[in-house]
> 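Handing you a structure now.
Numbering of residues begins at 1 and proceeds along the displayed sequence. Computed over heavy atoms, backbone and side chain alike; hydrogens, waters and symmetry mates excluded.
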Amino acid sequence: MEHNPERLHSEASFAALCGVSPIEHSSGRERCWRLNRGGDRQANSALHRIVHARIELLISAARSRRSSAPRLVLARSVPR
């Protein structure tokens with residue numbers, strides 16, 4: 001695969017590359033979304049590792065402050 005960083009001009013293009021961009025699959029009046037199944041598996045794996053590392057850092061920082069914040073709230077604070 002050719003390395004071309006200029007093609008990643010926005011967060012949306014990066015999400016499409018990783019295969020995590022939302023795709024609408026609606027029927028009738030109901031609007032539903034699913035994740036894009038395509039994309040680069042290596043980029044998806046790297047994004048997965050980054051997110052989990054950031055969650056663990058947030059959790060360890062919260063524990064060091066003796067905070068009783070639940071894990072779910074910390075997972076939502078990770079920028080998307």
> Let me have the donor-acceptor pairs involving side chains of residues 14-22, under 3.5 Å, with sequence neighbours excluded, atom names and distances please.
none

> Quick check on Gln42: does its CD atom have over 12 non-hydrogen neighbours (other residues, nucleotides or ligands) under 6.0 Å away?
no
> Just by modelled atom types, is the Arg41 backbone N or O under 3.5 Å from a matching donor or acceptor in the Ser45 side chain?
no
> Could you pull out every donor-acceptor pair under 3.5 Å between side chains of residues 32-39 and any protein atom, sequence neighbours left out?
| unit_1 | atom_1 | unit_2 | atom_2 | d |
| --- | --- | --- | --- | --- |
| Asn36 | OD1 | Gly38 | N | 2.9 |

